[in-house]
Amino acid sequence: MRYFSTNRQSTAVGFREALFQGLAPDRGLYLPESFPEFNRTFYQKKMTYIELASEMIQPFVSENISSGKLLDICRAAFTFDIPLVYLIDNIFVLELFHGPTMAFKDFAARFMARCMEYLLSDEITILVATSGDTGSAVANGFFGLDGIQVVILYPSGRVSAIQEQQLTTYGGNITALEVEGTFDDCQQMVKEAFLDQNLNQQCSLSSANSINIARLLPQSVYYAWAWKQIGTDQSIVFSVPSGNFGNLTGGIIAKHMGLPVEKFIAATNANDVFPKYLETGEFNAMPSKQTISNAMDVGMPSNFDRILKIYNENVNKLRRDLTSWSFQDNETKYAIKYTKDKLNYLADPHTAVGLSGIEKYRQEVNKNLTGIALATAHPGKFPQVVEPVINEKIVIPKQLQKSMEKEKNSIIIPAHYSYLKEFLIHN
Ligand SMILES: *Cc1c(COP(=O)(O)O)cnc(C)c1O
């Protein structure tokens with residue numbers, strides 16, 4: 001499989017180059033030149049998650065990773081449960097948060113770390129900007145790997161206490177930079193580092209953000225997994241709480257690989273550039289707004305160009321597969337409370353945005369849908385938001401409690417690229 005850049009100004013590369021480069025030299029994002037198609041029989045076949053993942057990912061990596069090795073990588077990466085929980089009336093929740101950091105980012109980070117470890121030839125520094133969950137998943141995925149340094153940038157005061165602990169308590173090959181700015185600032189600084197030729201002559205950088213194609217491939221597998229669990233022949237509506245749209249892009253890839261999907265709902269918080277784009281056909285990046293679903297506070301979704309290219313920049317084609325709505329914090333809180341009181345299910349603030357999407361679709365588009373809301377984080381990661389809404393203390397899982405007891409260790413830097421550069425050169 002070759003990967004082309006969305007800007008079309010760089011030459012196509014193989015999986016290994018795309019994995020380590022992250023961003024293409026022309027600043028574009030890598031996309032596979034084609035999507036291997038599997039038929040319905042394939043998706044109906046009885047398989048384990050590891051087998052399904054290997055089969056779906058193999059065509060994308062076959063030049064560099066044998067099918068036996070890929071099975072090993074998947075076995076080491078996907079070590080946790082993926083329950084599909086029945087809610088009500090053909091509505092389900094796919095819980096993607098049972099990995100070590102309790103957010104869905106574990107799928108991508110653990111897969112990518114193992115691919116890099118296997119294909120690494122020289123020492124590298126992984127740079128990653130995080131609005132909360134990516135950083136901890138990457139820290140967990142890469143912690144202790146030889147020859148790989150990880151530098152995480154996160155916006156000071158804009159991640160939850162538990163998220164911050166998960167970012168700042170690893171030590172070893174993991175460094176946390178606490179940036180006095182927003183997530184967009186962090187993302188911008190990381191982008192600048194990749195484009196700085198002078199810096200890149202001095203250190204070998206790689207990215208673990210969802211600009212990296214290796215993050216997206218494993219995020220297509222659980223859509224097919226959920227479809228298999230439902231076990232009917234019908235099309236399914238997936239509601240995806242979205243920020244940088246990496247999770248959704250994984251779903252779109254699955255659909256292009258033949259998975260029957262009726263519609264994707266891209267559910268956003270107040271950061272609504274994508275729903276506005278679908279409505280008007282015009283895309284205007286905006287400064288990010290702070291919300292209670294902070295991992296989705298993104299004003300310039302980095303996967304937007306990928307989605308456009310997959311649909312040949314045709315907004316009408318996009319509208320056929322995708323619907324997108326934005327929900328305000330009060331609607332998210334209402335969804336948390338309603339789901340808890342009426343359906344006895346506790347959703348975290350991100351998952352609640354996705355559930356709001358399903359409910360709106362049911363009311364406005366298709367009353368008889370079979371819908372799956374992707375649950376992207378455990379509610380225990382956001383007690384400050386969830387507890388006042390349901391008026392109850394929640395149980396914080398042991399693995400989160402453990403990180404609360406460790407000592408925070410971060411380096412505070414202003415939101416300007418020169419500080420990041422200085423750090424990277426001198427460390
Ligand atoms: C990252 C994240 C999202 C958004 O995912 P994208 O791929 O950036 O759209 C949603 N929920 C949680 C809990 C996350 O950590």
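Indexing begins at 1, ligand by ligand and atom by atom, following the structure's order.
Under the 30°/60° scheme for interplanar angles, the aromatic rings of H350 and F382 are found to be tilted.
When only interatomic distances are considered, the shortest N/O to N/O separation between A295 and ligand 1 does not fall below 3.5 Å.
When the heavy-atom distances from atom 2 (C) of ligand 1 to M102, M296, Q163, K105 are ranked, the shortest goes to K105. Between atom 6 (P) of ligand 1 and the options F97, F274, F382, F245, the minimum heavy-atom separation is to F245. Between N244, D133, V240, D348, it is N244 that holds the heavy atom closest to atom 8 (O) of ligand 1.
With Q163 contributing its side chain and S160 its backbone, the two residues share a donor-acceptor pair below 3.5 Å.
Counting only heavy atoms of the protein, atom 7 (O) of ligand 1 lies nearest to N247 N, 2.8 Å. Here the protein heavy atom with the shortest distance to atom 5 (O) of ligand 1 is F104 CZ, 3.5 Å. When only non-hydrogen protein atoms are considered, atom 12 (C) of ligand 1 lies nearest to T376 OG1, 3.4 Å.
In summary, the atoms of ligand 1 found under 4.0 Å from a heavy atom of H350, numbered by their order in the structure, are 11 (N), 12 (C), 13 (C). Heavy-atom contacts of G246 reach the following atoms of ligand 1: 6 (P), 7 (O), 9 (O) (cutoff under 4.0 Å).
Residues meeting the ring-ring contact (aromatic ring centres under 6.0 Å, His included) test with Y311, sequence neighbours left out: H256.
Each of D184, T291, V298 was scored for a side chain to side chain contact (heavy atoms under 4.5 Å, CB included) with N271, with one residue passing: T291.
By the 4.5 Å heavy-atom criterion applied to side chains, K69 and I73 are counted as neighbours.
For the atom pair W225 CH2 and Y49 OH, the distance stands at 8.5 Å (nearest 0.5 Å). The structure places CD1 of I152 at 10.5 Å from CD1 of I126, a figure rounded to the nearest 0.5 Å.
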